Every structure is written in structure tokens, then in C-alpha cells.
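Below is one structure, written out as C-alpha cells; comments come after it.
Lettering follows sequence order; numbering is per chain, from 1. Bear in mind the structure is a predicted one, so any value in this text is a computation, not a measurement.
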Number of protein chains: 2
Amino acid sequence: MVGVPPTDVFSALANPVRRKLLDSLREGPRAVNDLAGQFELSRPAVSEHLQVLRHARLVREEPRGRQRYYHLEPDPLVEVRDWLHPFEHYWRERMRSLRDLLDEENNP
Amino acid sequence: MVGVPPTDVFSALANPVRRKLLDSLREGPRAVNDLAGQFELSRPAVSEHLQVLRHARLVREEPRGRQRYYHLEPDPLVEVRDWLHPFEHYWRERMRSLRDLLDEENNP
DNA sequence: CCAACGCGTCGGGAAACGTTGACGCGTCGG
DNA sequence: CCGACGCGTCAACGTTTCCCGACGCGTTGG
């Protein structure tokens, strides 16, 4: 994992650890040791997963003293949503619940 | 790629060839040689990508004489959509267009 | 019945990936 | 100023992925 990663969003999401990292960052920026505490993984391993996410532009790092806080940067996920969208056509039944959820977000 | 690993959906989507295969199958079932014609790839390579998609339950095969037609089976993509959904919260601006599209589907 | 076709699968080699221990650099506290 | 902390990165190794050529099996057409 040392070389130059392909910065592909889909590949970045292929790993469950990286997906959980993004899930955690939804609640706000967090430092590396804090994030690493959630996994049975060495800290370098988490660091390199974060590097993959950084190259995919899914996270941004902000140095704070001797720690580095990582922020979620969800924009590239639009590519996934756009690719996924034509398939929504196929499970129309579940679309209503999604629309209701979106309506709830827009008209609270 | 010879074993029988129960591939998860996210890993199946990590490869661009497999994503294009799913895109092609959106327009209807197709045979392997037909699909392989789209790529600069050997037919066995395409066959093995289809095997990955089959293990992820994203496609189904239907034998027709000496050909095998592959059908799209988009249900597992729901897992991707469900994982993605909490992040929609972050690009609210683009949510309106999605909602409008869903409204259009539901009230044609 | 036999040759050609369509396809899955195996063998194997190259490349990519994931993990760990070791090292280095900047930062903070005493 | 010095040791501890927080973190990135490298070297190395095992595992997985990706691709191809070769083979085998069932189907079809002559």
C-alpha cells in the first residue's frame, strides 16, 4: 500500500475499514489515534487507510498541534450515487420510502 | 480468482470492467461473447469478472442453447445505496434534483 | 456423427493490496 | 532542553487480484 494509489472512489470504498472510518467521520473530525481505537489494527495500518481516503479526496487533514484531525469530504461520493442512480429504476417499491425520507429532510 | 470467495458488493464494484458489465446489462440480458466484445480483454477474463458478479449475486445466468445469457440482479446494490444515504445529508443542494427525479418516477 | 462454436475453469505469472515493525520528524510538557 | 507523544512513511512479506493461454464439456449445424 506504499505506492501511488489510483485515487478511485469505488476502490477506496471496497475496504470495510475505510467505510467505517468514513462512517465515524460523519459525526465530526477526529484524530488518528482516536479513529484507530475503533479497530483491532495497528496505527500505521489506519494511517495508510487514511492515506487511501486522502488520495480519493474523501477526507482532508487538519494539523492541530501534534495531532492531525481528519475531516469528511463527501463530494467524491457523488460519483458513486450517480453511477448507482440508473439502477434505482429496478427497485421502485423501495423508492417511495427514500422519497419520503428526502421530503422529511427538506420539509422538517 | 479460482476459489469461491463470497465477494461483497463493494469489492465487486471496485473494478471498472465489472461496473461497465453491469451498465451493459441494464439494457437487457446478453451473452458472454457479446459482452466481451466491448473490452480489450480476453474472453476468459470477462468470464471471471462475471463469476465475481455472480458470487456477489449481482447477475444471474440463463443457459440458452450453447450460449449463456446474463441477467442483471440489482438487489444487492441496495446495500450500497443504504450505506451511501447518510452522506446525502452533506450535499443538500443536489438533493432537490434527486427528489424531483424520484417524484417524476412516482408521478409520471 | 463430427467439426465448430460458446463458455467455464484451471495453471501460472505479474501486479496490486494489507499488515506489521522500525524509523524519523515535529510538537508539547516538565 | 530533553523525553514522551502523535503521526507519517518505509521495507518487507504474505495474500489477493487480474490477466492470459490451454483444456474440457455441452450444444449446434452440416
* To do: May I have all residue pairs that pass salt bridge (charged side-chain N to carboxylate O under 4.0 Å, His left out) and include part of residues 34-43 of chain A, sequence neighbours excluded?
  => A/R30-A/D34

* Using atom CG of A/N15 as one end and atom P of D/dT17 as the other, report the distance to the nearest whole Å. => 12 Å

* To do: Give the B/S/- string for nucleotides 23-30 of chain D, one per nucleotide from 5' to 3', where a protein heavy atom under 4.0 Å of the base yields B, of only the sugar-phosphate yields S, and otherwise -.
  => ---BBB--

* Which pair of non-hydrogen atoms, one from A/A14 and one from B/D8, has the smallest distance, and what is that distance? -> O-OD2, 4.4 Å

* Can you sort out which residues in residues 28-41 of chain B have a heavy atom within less than 4.0 Å of DNA chain C? Ascending by number, please. => B/A31, B/V32, B/N33

* Are any of B/Y70's side-chain N or O atoms less than 4.0 Å away from OP1 or OP2 of C/dG6? -> no

* To do: Give the rounded distance in Å between these two atoms: CG of B/D8 and P of D/dT16.
  => 14 Å

* Which nucleotide in the set D/dC18, C/dT20, C/dG8 lies at the smallest distance from any side-chain heavy atom of A/P44? -> C/dT20

* To do: Specify the separation, in whole Å, of atom CG of B/L21 and atom C1' of C/dC7.
  => 15 Å

* Does B/L84 have any side-chain contact (heavy atoms from CB on, under 4.5 Å) partners at least two apart in sequence or in another chain, and if so, which? -> A/L77, A/V80, A/R81

* Closest non-hydrogen atom pair, A/V17 against A/N15 -> N-OD1, 2.8 Å

* Asked: With sugar-phosphate meaning primed atoms plus P, OP1 and OP2, does B/Y69 contact a base, only sugar-phosphate, or nothing at under 4.0 Å between heavy atoms?
  -> nothing

* Residue whose nearest DNA chain C nucleotide is more 5′ - A/S42 or B/R68 -> B/R68

* Heavy-atom donor-acceptor pair, A/Q67 side-chain to C/dC28 base, under 3.5 Å -> no

* **Length of the line joining B/Q51:CD and D/dC18:C1', which is rounded to integer Å** => 13 Å

* Asked: Which pairs, with at least one residue in residues 61-70 of chain B and sequence neighbours excluded, count as a salt bridge (charged side-chain N to carboxylate O under 4.0 Å, His left out)?
  -> B/E61-B/R68, B/E62-B/R64

* Which angle, rounded to 10°, do you find between the first-five-pair axis and the last-five-pair axis of the helix from C/dC1-D/dG30 to C/dT27-D/dA4? -> 20°

* Structure fact -> From CD of A/E61 across to C1' of C/dT27 the rounded distance in Å is 15 Å

* Whole-Å distance between C/dG18 P and A/L13 CG? -> 12 Å

* Common cluster, A/L22/A/F39, ILVMFWY with side-chain heavy-atom separation under 4.5 Å -> yes

* Cluster check A/V59, A/Y69: I/L/V/M/F/W/Y, side chain < 4.5 angstrom -> no

* Hey, are the side chains of B/R57 and B/E73 touching, using non-hydrogen atoms and a 4.5 Å cut-off? -> no

* Assess whether one donor atom and one acceptor atom, taken from the side chain of B/E48 and the base of D/dC20, lie less than 3.5 Å apart. => yes

* To do: Applying side-chain contact (heavy atoms from CB on, under 4.5 Å), run through B/L13 and A/W83 and close with a yes or a no.
  => CA-CA 10 Å; B/L13 299 185; A/W83 181 86; 3.7 Å; yes

* Interatomic distance where NE2 belongs to B/H49 and C1' belongs to C/dG8 [whole Å] -> 15 Å

* **Basic-acidic side-chain contact under 4.0 Å: B/R26, B/D23** => yes

* Asked: What's the verdict on side-chain contact (heavy atoms from CB on, under 4.5 Å) for B/L25 and B/L35, showing C-alpha distance, side-chain angles and the deciding distance?
  -> CA-CA 9 Å; B/L25 291 179; B/L35 289 167; 4.2 Å; yes

* Between A/R18 and A/S11, is there a donor-acceptor pair closer than 3.5 Å when you use the side chain of the first and the backbone of the second? -> yes

